[in-house]
Amino acid sequence: MSTTAAQMLVGASTDFLRHFSPFDRMEPAALAYLAQHAVLGFHPRGSEILTPEMGPARHFYIIQRGKVQARQTGATAVTEYASLTMSAGECFPIGAISAQRPSTNAYVAVEDSFCFQITGDEFLHLMQISPVFHLFCTQYIASLLNQSRQQLQTTFAQRAAEQQTMTTPLGQLVKREPVCVTPETRTRSALEKMNELRIGCMVVADAGQRPVGILTQSDLLPRVVLAGFDLERPIGEVMTANPHQLPATASAYDAALEMATHGVRHLLVVDGNGCLKGVISERDLFSLQRISLRQIRAGIENAADVDALQHASRDIRQLALNLIAQGVGAEQLTQFISALNDALTRRIIELALDRHDLVGIDFGWFAFGSEGRHEQTLSTDQDNGIIWRCPEPEDAEAVRKRLIAFAREVNQNLAACGFPLCKGNIMASNPDLCLTLDEWKERFGDWIREPDPQALLNASIFFDFRVLYGNERLGDQLRTWLNKLSRTSTNFLRMMAANALQVPPPLGRIRDFVLEDDGTIDLKKCGARLFVDAARIIALRTGVDSSSTVQRLRQASGKMGVSSEEVSAIIDGFHFIQLLRLRSQHLETEHDADGDNRIDPDSLNELDRRILKEAFRQARKLQLRLKLDYQL
């Protein structure tokens with residue numbers, strides 16, 4: 001069999017590409033497609049290959065020989081380099097060809113250079129047929145996301161410098177060698193050691209240095225002194241077992257979140273084998289922050305009235321600003337805000353319980369919507385309810401009245417602390433939302449069996465629930481029942497999917513974005529909601545218990561047959577939109593002000609505009625999956 005000249009050229013191109021990433025990992029059929037369509041062009045030294053002035057990028061280039069310099073143009077830096085020299089195997093311009101817009105860099109041959117090139121349509125087709133190439137381009141967007149965070153840090157450089165960073169690994173914060181005793185150690189000996197070394201806690205570890213318990217100074221009064229505990233007995237009998245611990249690679253932020261979530265003041269740091277490396281205290285984190293977690297937590301825990309909690313609420317917002325300035329990501333930020341708001345809500349509930357006799361009533365305080373998903377931003381109103389079980393001899397309606405009176409006070413006090421009353425009356429003081437477990441089942445069942453528009457709207461709000469205070473098992477039982485029913489309700493899920501597709505991502509065919517009449521985009525309704533709605537449907541279909549959008553997507557990915565890399569790209573898109581919302585809310589508006597979620601894309605720098613467009617593409621990808629799954 002003879003070999004044609006064209007076949008020889010394709011073979012040579014294939015051999016060349018196989019020497020460079022990501023082409024060396026590309027699927028054979030995709031690599032063959034690239035080699036067959038690539039055209040080799042010559043660019044003499046000093047010639048411009050691509051500049052912003054040439055308009056939307058029409059070709060994707062792979063350098064075959066020579067050197068090309070990428071140089072930023074314009075006043076706004078959109079990459080981490082001002083100029084960069086590229087050589088064989090490197091390619092450009094990924095962002096511009098993906099977005100079908102002009103390049104932000106000028107690419108100039110600094111030597112006589114040869115470049116393979118394919119058209120924009122061929123580039124997009126290659127992304128479709130090659131998961132490897134698609135991932136390569138997606139990761140490029142992820143790297144842009146990191147650069148965006150760095151830009152934000154630069155904007156807040158002075159403030160961030162004052163406060164250091166919450167992204168510091170815990171391993172770097174550990175200041176002294178770990179001190180521990182075994183569970184068999186006499187308690188007296190352990191306390192003497194604490195006093196001698198002037199440490200606030202004693203870690204109890206097994207023979208392999210793996211922590212099994214902890215005893216802190218705050219434990220001594222109730223467990224040892226007042227309880228008359230015999231100091232000759234082993235410390236294992238008085239310690240707190242299963243202490244909270246994090247790996248040394250976790251960040252200070254992770255430690256702060258763990259402390260805020262579980263109400264602890266010490267965390268153990270362990271290595272990859274689970275062996276003790278040291279202890280991190282609130283005091284250590286205090287040194288990283290001007291407005292500290294310690295201050296806020298102490299303010300919440302010690303608050304005797306609503307006035308004190310109002311101060312804590314303001315401090316939460318200020319701390320969130322500091323974390324934004326330090327480049328903390330949207331997932332961590334929203335979790336952090338939710339954790340502290342949870343603590344604040346619980347304290348409000350505790351204060352109300354002091355004035356309402358609910359002893360013997362088994363109930364749970366529901367959080368719905370963004371709070372139910374652990375995704376609170378800085379601008380959110382109340383969405384809550386109550387689930388309860390009536391004591392045997394009690395009159396149900398009498399119990400309900402007592403719960404509603406209690407809820408009314410909680411709702412008012414939450415409003416006083418910056419969580420406006422819900423205009424739609426989605427609040428626990430609404431009798432329709434203060435229901436027993438059976439009543440909630442009946443309510444949810446009606447929506448699923450008769451999914452009219454109002455029922456679908458209700459499902460989109462109430463199905464994102466979790467028990468924030470009280471008996472969590474009531475919520476678990478409802479979730480298990482709901483997942484079982486909804487999985488078999490194909491028509492309901494199909495209508496939910498159709499409802500979710502009514503709002504498309506605001507991407508234009510001609511311009512980058514489709515804007516509303518006022519020239520803005522609502523990042524909640526046209527951005528975050530697209531991810532949230534799709535994730536809810538996927539979770540109901542696959543039986544995922546979590547109420548968090550991100551966890552729903554992560555946990556369902558295997559059941560959907562979607563790669564973790566693809567899910568990560570979708571989640572990156574969701575997080576970027578959430579980050580833009582947080583930045584807009586915190587920096588430019590008051591709490592719950594009009595336009596909190598609106599953004600003018602022209603106000604963004606070029607880098608953020610590019611990432612926002614990619615984020616909307618990820619939303620479109622998620623919607624396309626719903627469309628295919630339900631044949632819509």
Side-chain angles (χ1 to χ4, degrees), residues 10 13-14 16-39 50 56-64 70 79 86 89-105 107 115-146 504-505 507-510 512-513 530-531 534 553 557 560-574 576 607 609-628:
V10 169
S13 301
T14 304
F16 166 79
L17 291 169
R18 283 192 180 123
H19 285 90
F20 303 97
S21 178
F23 312 110
D24 56 343
R25 292 174 285 112
M26 194 178 283
E27 302 78 0
L31 186 61
Y33 175 85
L34 174 58
Q36 287 165 6
H37 290 81
V39 175
L50 179 66
R58 299 181 183 280
H59 293 94
F60 173 71
Y61 298 89
I62 306 166
I63 302 172
Q64 194 256 9
T79 58
M86 309 168 72
E90 295 187 270
C91 41
F92 61 91
I94 298 173
I97 198 78
S98 299
Q100 299 175 351
R101 57 157 179 77
S103 169
T104 53
N105 284 342
Y107 294 92
C115 296
F116 289 117
Q117 64 184 56
I118 58 174
T119 66
D121 288 342
E122 290 163 349
F123 171 84
L124 294 175
H125 182 69
L126 192 61
M127 283 188 71
Q128 288 179 349
I129 65 173
S130 172
V132 170
F133 189 64
H134 185 278
L135 177 60
F136 169 74
C137 296
T138 303
Q139 285 177 334
Y140 174 78
I141 296 298
S143 72
L144 293 182
L145 190 57
N146 285 332
L507 287 172
R509 289 182 179 276
I510 301 175
D512 285 352
F513 302 103
L530 312 188
F531 295 88
L553 292 171
S557 63
M560 293 191 297
V562 178
S563 70
S564 58
E565 291 83 2
E566 190 174 343
V567 169
S568 294
I570 293 171
I571 291 171
D572 279 345
F574 174 63
F576 184 69
L607 177 59
R609 283 173 57 88
R610 289 164 58 183
I611 302 174
L612 181 59
K613 192 170 183 182
E614 176 62 22
F616 286 142
R617 280 205 192 88
Q618 296 298 334
R620 186 159 61 191
K621 184 188 295 183
L622 205 50
Q623 287 196 338
L624 182 60
R625 173 163 288 277
L626 286 183
K627 206 170 182 177
L628 292 173

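Every ring-ring contact (aromatic ring centres under 6.0 Å, His included) that Phe16 has, sequence neighbours left out, goes to Phe20, Phe116. By the side chain to side chain contact (heavy atoms under 4.5 Å, CB included) test, Glu122 pairs with Tyr33, His37, Ile118, Thr119, sequence neighbours left out. Every side chain to side chain contact (heavy atoms under 4.5 Å, CB included) that Val132 has, sequence neighbours left out, goes to Pro22, Arg25, Glu27, Ser130. By the ring-ring contact (aromatic ring centres under 6.0 Å, His included) test, Phe123 pairs with Phe60, Phe133, sequence neighbours left out. For the side chain to side chain contact (heavy atoms under 4.5 Å, CB included) test, no residue two or more places apart in sequence or in another chain qualifies with Arg58. Remark: Phe92 engages Tyr61, Tyr107 in a ring-ring contact (aromatic ring centres under 6.0 Å, His included) (not counting sequence neighbours).
Residues Leu553 and Val567 share a closest heavy-atom pair of O-CG1, 3.9 Å. Residues Leu530 and Pro504 share a closest heavy-atom pair of CD1-C, 4.1 Å. When all heavy atoms of Gln618 and Ile570 are compared, the closest pair comes out as OE1-CG1, 3.5 Å. Ala30 and Leu126 make their closest contact through O-CD1, 3.5 Å (heavy atoms, listed as atom of the first residue, atom of the second, distance). Summarising the geometry of Gly120 relative to Ile97, their closest heavy-atom pair is CA-CD1, 3.7 Å, with the distance given to 0.1 Å. Summarising the geometry of Gly573 relative to Ala615, their closest heavy-atom pair is O-CB, 3.5 Å, with the distance given to 0.1 Å.
In this structure, Ile611 CD1 and Arg617 CZ are separated by 12.5 Å, a value rounded to the nearest 0.5 Å. The structure places CD of Glu566 at 6.5 Å from CZ of Arg625, a figure rounded to the nearest 0.5 Å.
Taking the side chain as every heavy atom from C-beta outward, Leu622 and Phe574 never approach each other to under 4.5 Å. You'll find the side chain of Pro93 reaches within 4.5 Å of the side chain of Leu50, heavy atoms only.
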